[in-house]
Amino acid sequence: MGKGNIKFLLKGFGCMMVVSAVVFITLIFYLGEKTDKSIVEISDIYMSEMGMQIQQKFDAIISLRMEQVEGLISGTHPKADEYSEEMLEDLKEKGELRKFTYLGFYTRDGILKTIYGEPVAITDEEYFEQALYKNGRVVARGTDGEENKILLLGIQADYPMEDGSSSFGLVAGISMEYLDSVLFRNTEGANMYFHIIDEKGKFVIRNSDVFKENYFERIMEKKEIYDSKTAESYVGELKQAIEQKKTYNTIMSAEGRRMHIHGIPLLINSQWYLIMVMPDDVLEAPIVKLDALRIKGMVFSLAIIVLGLTVLVIQYVRMSRRQMRELDKARKEAVYANQSKSEFLSCMSHDIRTPMNAIIGMTEIALKNREDEDRVVDCLQKVKLSSRHLLGLINDVLDISKIESGKMTLNIREVSLRYMADDIVNIIYPQIRSRKQHFDVFIKNILSESIYCDDVRLNQVLLNLLSNALKFTPEEGRINVYISQEESPVGNEYVRTHFKVEDNGMGMSKEFQEKIFDSFTRDEAAEIQHITGTGLGMAITKNIVDMMDGTIEVKSELQKGSRFHITLDFKRGADKEAVKLPRWNVLVLDDNEDLCTVAAENLEAIGMHADWTPDPDKAVEMIVEKIQ
């Protein structure tokens, strides 16, 4: 081979090396740019979804706490009492029950007078007063004597004051640490920093490693810039976004690290703004690792470079697509979960409405029968029963996190199965009667009427099932409850009790039956979209049954109805001797033959002789015949 060929080969080899190097470098820069853009896009999506989640959680927390303040005011009505120590004690008791650390009157002179708790100074008195006058309510912050930050919730309320004047509002306070822990409880592993600031940049909630009191000042101290953007321009853009209540995204450099910044307004009656900061290397590290593997492969040979690059690019694309699918799935789940929780907190659960309707109904009956002392006492006893049940429900329903974390406890005591069944009927029957539905309770084979259980929780389970049966059963439909017992395999000290709730209503699809006990899940069938509900009742029911070491089964068929079967093993109580009455002759008259039959059987069971008829004329003939 001549020198010319050698030179040609060397030149060709050199050219190929140069071309390969150029292609290699170009490809590195190109992929680097694409990687960088992907990191930015993924970061924006991730932070945007996280921001929306925290925003919705903040709105829900403030709405819930505002409702509690409204409940406190309605419970101790301003115009119902003159100033007294009893009024203050009542407010204090109800405020502490709602776990407010501070309660005070806001006077028309702009003075905050403490009812209980450490004295609090309002941070921005001008905003507090203007918002309370304009909107009738306000969310603000204050500090106590030890400079601890306090979240203040104020609502207009005209309470009598000790000096003869009247207050302009009632102000409740909770520690800002509570808001911090609730908002960011599930974000510890997110590798992000979270701050809440006001329109002036002052920290409402700040990350533990931040010592400045003002976020704008903290940024102005940093001389580093990114993409020709100065700290002044960044602060100016952020102020404008806060003023216009818009979201804000940018990238800045801090201490040699690139930071993704995302801001979102917190909208409920507040001038606060959420700031999220995520270091770039949180998402960059795994991608950079892949780039390093590509470079190592290219160094060895051109063939390995091409092959390795192809494999890595394919893996990278697949991984990116998988990550995007996972992010999209997480986004949809987050949106669905938060939407469901928002809907839940914005409306009263059917678990609460059931005893509330009983309270309202019994109150109206008592008002119409004020001269009948026995009737009034009976109504008040039922109101007391429903109120106690309602209070138990509220304490658990409002604390969703407690239910989901499995921290609910049972209060076991000796109860009467018969009285408990009567209580349930008293609560649910007025609603069933108003819907013209047929309702019966069948009790048989009772081995131990007295049992040990948490009757409030058991009532809650049965009322959940009955409320659903009522809602999803049309008028003139039928709802039945069956209660029976048998010997328990657990031991002689226990009795196995079966509760069955059956209706002939709309029924459920097989697909929905598989997820009926999931939280915030509702059937998407078109014919029930108009029926309100949160999708939480059956999840609570399943949780309570599991705590009682029981089982719950469901069988349902569309347009034919549903049947829920609960099996529980209760410890036997001390049964009292069965009630027996003289062998009186009783006539049962009702146009519902099934109801007549059940009533007659129950009367026979306690010693009476009972006949029945649905025909009024026949009833008269039977009475005349008995008299003769």
Side-chain angles (χ1 to χ4, degrees), residues 58-78 81 83-133 135-163 165-184 196 198 202-206 213 266 268-272 394-395 398-399:
F58 176 84
D59 292 350
I61 292 169
I62 297 302
S63 295
L64 175 60
R65 283 297 186 172
M66 276 295 187
E67 288 177 4
Q68 291 180 339
V69 178
E70 289 177 345
L72 197 155
I73 293 174
S74 63
T76 306
H77 199 278
D81 301 302
Y83 180 86
S84 65
E85 291 297 327
E86 288 79 7
M87 180 185 74
L88 296 182
E89 286 297 324
D90 190 41
L91 285 171
K92 178 180 179 182
E93 180 181 353
K94 293 176 179 177
E96 290 177 341
L97 182 63
R98 291 165 172 81
K99 297 183 180 180
F100 290 123
T101 58
Y102 175 84
L103 198 65
F105 294 127
Y106 188 74
T107 70
R108 299 181 184 275
D109 298 329
I111 300 174
L112 194 57
K113 292 190 174 182
T114 300
I115 297 175
Y116 75 85
E118 291 292 328
V120 172
I122 301 174
T123 301
D124 191 341
E125 295 183 359
E126 181 179 357
Y127 163 73
F128 186 93
E129 185 172 350
Q130 289 178 354
L132 188 59
Y133 271 88
N135 304 321
R137 55 179 59 200
V138 62
V139 178
R141 60 191 176 100
T143 56
D144 59 17
E146 298 181 357
E147 297 300 320
N148 295 316
K149 292 182 178 180
I150 305 297
L151 175 66
L152 298 178
L153 307 169
I155 295 181
Q156 286 185 7
D158 188 12
Y159 280 94
M161 305 292 289
E162 186 175 10
D163 59 2
S165 63
S166 61
S167 68
F168 184 67
L170 183 67
V171 180
I174 54 177
S175 171
M176 199 68 76
E177 293 180 356
Y178 159 81
L179 183 61
D180 185 8
S181 64
V182 174
L183 279 179
F184 308 126
I196 295 180
D198 61 17
K202 293 182 179 179
F203 283 106
V204 178
I205 296 176
R206 58 183 171 180
E213 290 295 331
L266 300 175
I268 287 204
N269 199 19
S270 172
Q271 300 296 315
W272 298 344
I394 292 174
N395 288 337
L398 293 182
D399 192 0

Trainee: Which heavy atom of Tyr102 sits nearest a heavy atom of Glu118, and at what distance?
Mentor: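 In terms of heavy atoms, the two residues are closest at CD1-O, 3.2 Å.
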
Trainee: State, with a plain yes or no, whether a side-chain heavy atom of Ile115 is found less than 4.5 Å away from one of Leu170.
Mentor: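 Result yes, sub-4.5 Å side-chain heavy-atom pair found.
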
Trainee: Check whether any side-chain heavy atom of Ile73 sits under 4.5 Å from a side-chain heavy atom of Lys94, and report yes or no.
Mentor: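 Not in contact.
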
Trainee: Under the salt bridge (Lys or Arg N to Asp or Glu O under 4.0 Å) definition, can you give me all pairs with a residue in residues 146-156, not counting sequence neighbours?
Mentor: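 Applying salt bridge (Lys or Arg N to Asp or Glu O under 4.0 Å) to every pair that reaches into residues 146-156, excluding sequence neighbours, yields nothing.
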
Trainee: How close do Gln68 and Arg98 get, heavy atom to heavy atom, and via which atoms?
Mentor: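 Distance-wise, the nearest heavy atoms are O-NE, 3.1 Å.
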
Trainee: Does the side-chain contact (heavy atoms from CB on, under 4.5 Å) test come out yes or no for Leu88 and Glu85, once each step is laid out?
Mentor: CA-CA 5 Å; Leu88 296 182; Glu85 291 297 327; 4.2 Å; yes

Trainee: Checking Ser167 side chain against Ala157 main chain: does a donor-acceptor pair fall under 3.5 Å?
Mentor: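 Yes, the answer is positive, given that a donor and an acceptor are paired below the 3.5 Å cut-off.
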
Trainee: What I'd like to find out is whether the side chain of Phe105 reaches to under 4.5 Å of the side chain of Leu91, using heavy atoms alone.
Mentor: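 Yes; the side chains approach each other to less than 4.5 Å.
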
Trainee: Find out whether Ile122 and Tyr106 are in side-chain contact, i.e. whether some heavy atom of one side chain is under 4.5 Å from a heavy atom of the other.
Mentor: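 Side chain of Ile122 against side chain of Tyr106, heavy atoms only: contact under 4.5 Å found.
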
Trainee: Distance check, rounded to the nearest 0.5 Å: Met176 atom CE versus Ile150 atom CD1?
Mentor: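 So the CE of Met176 and the CD1 of Ile150 are separated by 7.5 Å.
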
Trainee: Please confirm whether the backbone N or O of Ser165 pairs with a side-chain atom of Asp163, one donor and one acceptor, at under 3.5 Å?
Mentor: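 Yes; judged by distance alone, with no hydrogens or angles, the pair exists.
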
Trainee: Who passes ring pair (Phe, Tyr, Trp, His ring centres under 6.0 Å) against Tyr133, sequence neighbours left out?
Mentor: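 Expected list: Phe168.
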
Trainee: Is it the case that over 12 heavy atoms from other parts of the model lie below 6.0 angstrom from the CD atom of Glu96?
Mentor: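 Yes, enclosed.
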
Trainee: Report, as yes or no, whether the 6.0 Å neighbourhood of atom NZ on Lys202 holds more than 12 heavy atoms from other residues, nucleotides or ligands.
Mentor: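 Counting other residues, nucleotides and ligands, NZ of Lys202 stays at 12 neighbours or fewer.
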
Trainee: Please examine the side chains of Val139 and Trp272, heavy atoms only from C-beta on, and report whether any two atoms are closer than 4.5 Å.
Mentor: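 SC-SC contact between Trp272 and Val139 confirmed.
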
Trainee: Return each pair, listed once, that meets salt bridge (Lys or Arg N to Asp or Glu O under 4.0 Å) where at least one residue sits in residues 121-131; pairs must be two or more places apart or across chains.
Mentor: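 The answer is none; no pair qualifies.
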
Trainee: With rounding to the nearest 0.5 angstrom, report the CD1 to CG distance, Ile196 to Asp180.
Mentor: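 Going from the CD1 atom of Ile196 to the CG atom of Asp180 covers 7.5 Å.
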
Trainee: Any side-chain to backbone donor/acceptor pair from Lys92 onto Tyr116? Under 3.5 Å, distance only.
Mentor: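 Such a contact is absent between Lys92 side chain and Tyr116 backbone.
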
Trainee: Quick one: are Ile174 and Lys99 in side-chain contact, heavy atoms under 4.5 Å?
Mentor: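 Result no, sub-4.5 Å side-chain heavy-atom pair not found.
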
Trainee: Given side chains that start at C-beta, do those of Phe58 and Leu179 come closer than 4.5 Å, heavy atoms only?
Mentor: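 Yes; the side chains approach each other to less than 4.5 Å.
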
Trainee: Where is the tightest heavy-atom contact between Gly154 and Met66, given as atom of each residue plus distance?
Mentor: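 Heavy atoms of Gly154 and Met66 come nearest at O-CE, 4.0 Å.
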
Trainee: Give me the atom names and distance for the closest heavy-atom approach of Asp158 to Ser166.
Mentor: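 Taking Asp158 first and Ser166 second, the nearest heavy atoms are OD1-CB, 2.8 Å.
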
Trainee: Can you tell me if Thr114 uses its side chain to pair, donor with acceptor, with the backbone of Gly104 under 3.5 Å?
Mentor: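 Not confirmed, Thr114 side chain does not pair with Gly104 backbone.
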
Trainee: Are any side-chain N or O atoms of Ser74 and backbone N or O atoms of Glu70, one a donor and one an acceptor, separated by less than 3.5 Å?
Mentor: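 Checked: pair present.
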
Trainee: Checking Tyr127 against Val138 for the side-chain contact (heavy atoms from CB on, under 4.5 Å) test, could you report, in this order, the C-alpha distance in whole Å, the side-chain angles of both residues, the deciding distance, and whether it holds?
Mentor: CA-CA 9 Å; Tyr127 163 73; Val138 62; 4.1 Å; yes

Trainee: Given Arg141 and Asp198, is the side-chain contact (heavy atoms from CB on, under 4.5 Å) satisfied, shown in steps?
Mentor: CA-CA 10 Å; Arg141 60 191 176 100; Asp198 61 17; 2.9 Å; yes

Trainee: So do Glu89 and Glu93 actually touch side chain to side chain, heavy atoms under 4.5 Å?
Mentor: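 When only atoms from C-beta onward are counted, Glu89 and Glu93 do not touch, as no gap falls below 4.5 Å.
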
Trainee: Could you please spell out the steps behind the side-chain contact (heavy atoms from CB on, under 4.5 Å) verdict for Leu151 and Ile62?
Mentor: CA-CA 10 Å; Leu151 175 66; Ile62 297 302; 4.0 Å; yes

